[in-house]
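I'd like to ask some things about the structure below.
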Amino acid sequence: MHNLLYKMYKILAIESSCDETSAAILSKTAKGLVPLAHVVASQISLHKKTAGVVPEVAARAHIRKIGPVVRKALADAGLKLSDIDYLAVTAGPGLVPSLLVGTEYAKGLAYASGKKLIAENHMLGHLYSAFLQAPNLPLPSMNLIVSGGHTYLIFLEHKGKFKIIGQTVDDAAGEAFDKVAKMLKLPYPGGPEVSRQAEHGKTDFNFPRPMLHAKNYDFSFAGLKTAVLYKIKNDRLDIGNVQTRADLCFSFQNAAVDVLIQKTIRAAKQYGVRAITLSGGVAANKKLRKDLALAAKKAGCQFFVPDFSLCTDNALMIANAAAIRLETGRYRFPKLEKIKVDPNLPLK
Ligand code: KG4
Ligand code: ZN
């Protein structure tokens, strides 16, 4: 068992849960956690051909990239593997073939070097990512995590103690952006393209705000996506028309962002938090960032959203989550053969 609150150490983390191969080195110093290296190899161009991630294709790319990415992280930090104290790797949630590449590689490093390996939860990485740039963010906080696979509203009492108070009952927020993009025949990755098109929207079709008035903090985006589809079909809209497409993106984004913000603010007020954070890939959405920042200020809360490179999948957030895990709990390192990937690893 380890409790490392006062010790200095270095963590090498690996992330390969979906379509980014990433490695990072984080150092615990007297001044706090300092990033020494951060390398991300994106597969976006590869998945453009299939307009989405094919798990086996992603895994093969991870296999090609993982060695060079880890070696570059060590070289960038001017370190050797023997200088590292702990290894960490994303064990889930994510795509099994992708997760397997990272975990098996990390286990290999651990066997070869004798270093201890932390099996980390990808969503915990997103949750704690705000602390990388805002280590003194006031707590408790309300945290909206919006990615391609998950949508969570999490109340964080203090590091190591949190409660999921809302999540999606069907599609994740990013998934809905991606599906609307596909419907409109926009290129992969869909989310950024929908938000780009939305900037030119003029007419708002006033799509429904699913579950906005429900008493809980859960979200639903499948109905909203279907409303876009029915609008196109029933009104015989021409999605080849540039303005029609922009209006559909504009209307969809307005509805999705509206629900995310209203629920987050309501939860923030009910839980009496001091700060609101936004993370996950959809946190790159300009409207969501801007409107949530304004709404948080109005609600008297500090607002923080990490830089774009720390919102999308990356290993630095995994190193950070592992460091927080080590420092806040008495972590029991599992035996290497016991570390298994879990595509649905629960957040707890
Ligand atoms: O967190 P992330 O990089 O990967 C997962 O863990 O899923 O999130 C990726 C998601 C994708 O669905 C992508 O379309 C969405 O984030 N996304 C956006 C924007 N940029 C990325 N969605 C809306 N607006 C954006 N600007
Ligand atoms: Zn993610």
Side-chain angles (χ1 to χ4, degrees), residues 13-22 24 40-44 47-48 51-53 55 58 62 90-95 98-99 102 120-130 143-152 154 167-168 171-184 186-199 201 219 221-222 224-225 228 249-250 252-261 277-292 305-318 320-321 343-345 347:
I14 291 173
E15 152 68 36
S16 72
S17 65
C18 186
D19 56 352
E20 320 276 4
T21 321
S22 180
V40 182
S42 171
Q43 302 178 3
I44 284 186
H47 301 304
K48 263 192 196 317
V53 179
H62 283 307
T90 303
L95 304 170
S98 291
L99 288 164
E120 198 41 83
N121 185 308
H122 180 83
M123 299 313 291
L124 207 60
H126 281 305
L127 172 64
Y128 287 143
S129 59
N143 306 271
L144 176 64
I145 308 180
V146 272
S147 72
H150 299 84
T151 304
Y152 281 129
I154 297 180
Q167 54 190 306
T168 181
D171 291 352
E175 192 179 354
F177 269 89
D178 295 339
K179 285 180 176 169
V180 167
K182 255 196 176 158
M183 220 182 272
L184 299 177
L186 297 174
Y188 169 89
E193 193 56 37
V194 168
S195 66
R196 259 195 296 278
Q197 300 266 337
E199 286 176 24
F219 302 95
F221 292 103
L224 174 56
K225 172 198 70 190
V228 179
C249 291
F250 176 65
F252 163 78
Q253 180 175 272
N254 285 347
V257 167
D258 193 17
V259 179
L260 288 168
I261 292 181
T277 77
L278 172 65
S279 59
V282 185
N285 186 279
K286 277 193 211 153
K287 181 173 172 59
L288 178 58
R289 293 168 88 100
K290 195 167 129 242
D291 290 4
L292 187 53
V305 55
D307 284 351
F308 179 67
S309 63
L310 296 175
C311 283
T312 48
D313 293 348
N314 68 87
L316 199 53
M317 70 178 192
I318 301 304
N320 180 54
N344 303 309
L345 189 64
L347 183 56

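Computed from heavy atoms alone, side chains included, the values below leave out hydrogens, waters and symmetry copies. First listed ligand is number 1; within each ligand, the first listed atom is number 1.
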His47 side chain near Cys18 side chain, heavy-atom distance below 4.5 Å:
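A side-chain contact is absent here, since even the closest heavy-atom pair is not under 4.5 Å.
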Atom pair CD1/CG of Ile261 and Leu144 - distance to nearest 0.5 Å:
8.5 Å
As an exercise, state the distance from OG of Ser195 to NZ of Lys287, rounded to the nearest 0.5 Å.
11.5 Å
Measuring from His150:NE2 to Glu175:CD, what's the distance to the nearest 0.5 Å?
10.0 Å
Please confirm whether Cys18 approaches ligand 1 to less than 4.0 Å, judged on its heavy atoms.
no
Counting each atom of ligand 1 from 1 as listed, which ones have a heavy atom of Gly174 under 4.0 Å away?
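The list of qualifying atoms is 12 (O).
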Just by distance, do the side chain of Gln43 and the backbone of Ala58 share a donor-acceptor pair under 3.5 Å?
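Yes, Gln43 side chain to Ala58 backbone: donor-acceptor pair under 3.5 Å.
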Are any of the N/O atoms on Gly190, whether in the backbone or the side chain, positioned under 3.5 angstrom from an N/O atom of ligand 1?
no
Indicate, as side chain, backbone, both or neither, the part of Asp178 found under 4.0 angstrom from ligand 1 when only non-hydrogen atoms are considered.
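It is the side chain that touches ligand 1; the backbone stays farther off.
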Checking Ser17 against His122: is there a side-chain donor and acceptor pair closer than 3.5 Å?
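Short answer, yes.
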Under 4.0 Å, counting heavy atoms only: does Pro189 come that close to any atom of ligand 1?
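So Pro189 does not count as touching ligand 1.
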What is the closest protein heavy atom to atom 24 (N) of ligand 1, and at what distance does it sit?
Asn285 ND2, 3.0 Å
Between Asn143 and His126: side-chain donor-acceptor atoms closer than 3.5 Å:
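Their side chains do not contain a donor-acceptor pair, so the 3.5 Å distance test is not met.
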Within a radius of less than 6.0 Å around NZ of Lys48, do more than 12 heavy atoms belonging to other residues, nucleotides or ligands occur?
yes
Would you give the length of the straight line joining atom CG of Leu345 to atom CG of Asn121, rounded to the nearest 0.5 angstrom?
4.5 Å
Quick one: are Lys182 and Asp178 in side-chain contact, heavy atoms under 4.5 Å?
no
Would you say the side chain of Cys249 lies within less than 4.5 Å of the side chain of Leu184, judging by non-hydrogen atoms?
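Of all side-chain heavy-atom pairs linking Cys249 with Leu184, at least one is under 4.5 Å.
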Taking just the N, O or S atoms of Asp313, which one is nearest to the Zn ion (ligand 2)?
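The Zn ion (ligand 2) is closest to the Asp313 atom OD1, counting only N, O or S.
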Which residue supplies the protein heavy atom nearest to atom 4 (O) of ligand 1, what is that atom called, and how far is it?
Asp313 OD2, 3.2 Å
Can you list the ligand 1 atoms lying under 4.0 Å from a non-hydrogen atom of Ala284?
20 (N), 26 (N)
Gln253 CD to Gln197 CD distance, which is reported to the nearest 0.5 Å:
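Going from CD on Gln253 over to CD on Gln197, the span is 11.0 Å.
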Does even one non-hydrogen atom of His150 get within less than 4.0 Å of ligand 1?
no
Taking the N/O/S atoms of His122 one by one, which is nearest to the Zn ion (ligand 2)?
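This residue's closest N, O or S atom turns out to be NE2.
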Would you mind telling me if ligand 1 is within reach of the side chain of His122, the backbone, both or neither, using heavy atoms under 4.0 Å?
side chain
Consider every N or O of Gly280 and every N or O of ligand 1, then say whether any pair is closer than 3.5 Å.
no
Part of Glu20 within contact of ligand 1 (heavy atoms, under 4.0 Å)
neither
Just need the protein heavy atom nearest to atom 22 (N) of ligand 1, so name the residue and atom and give the distance.
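The closest one turns out to be Gly191 CA, 3.5 Å.
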Atom 15 (C) of ligand 1: closest protein heavy atom, distance to 0.1 Å, is Val282 CG2, 3.9 Å
Hey, does Ser195 come in under 3.5 Å of ligand 1, counting only N/O atoms on both sides?
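Yes, there is a polar N/O contact under 3.5 Å.
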Can you tell me how far CD1 of Ile44 sits from CG of Asp19, rounded to the nearest 0.5 angstrom?
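Answer for the CG-CD1 pair, Asp19 versus Ile44, is 7.0 Å.
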So, is His150 placed with an N/O/S atom under 2.8 Å from the Zn ion (ligand 2), counting both backbone and side chain?
no
State the atoms of ligand 1, each with its element, that fall below the 4.0 Å cut-off from a heavy-atom position in Gly149.
7 (O)
Would you mind checking which non-hydrogen protein atom is closest to atom 21 (C) of ligand 1, with the distance to 0.1 Å?
Gly281 O, 3.3 Å
the protein heavy atom lying closest to atom 10 (C) of ligand 1 turns out to be Gly148 N, 3.5 Å
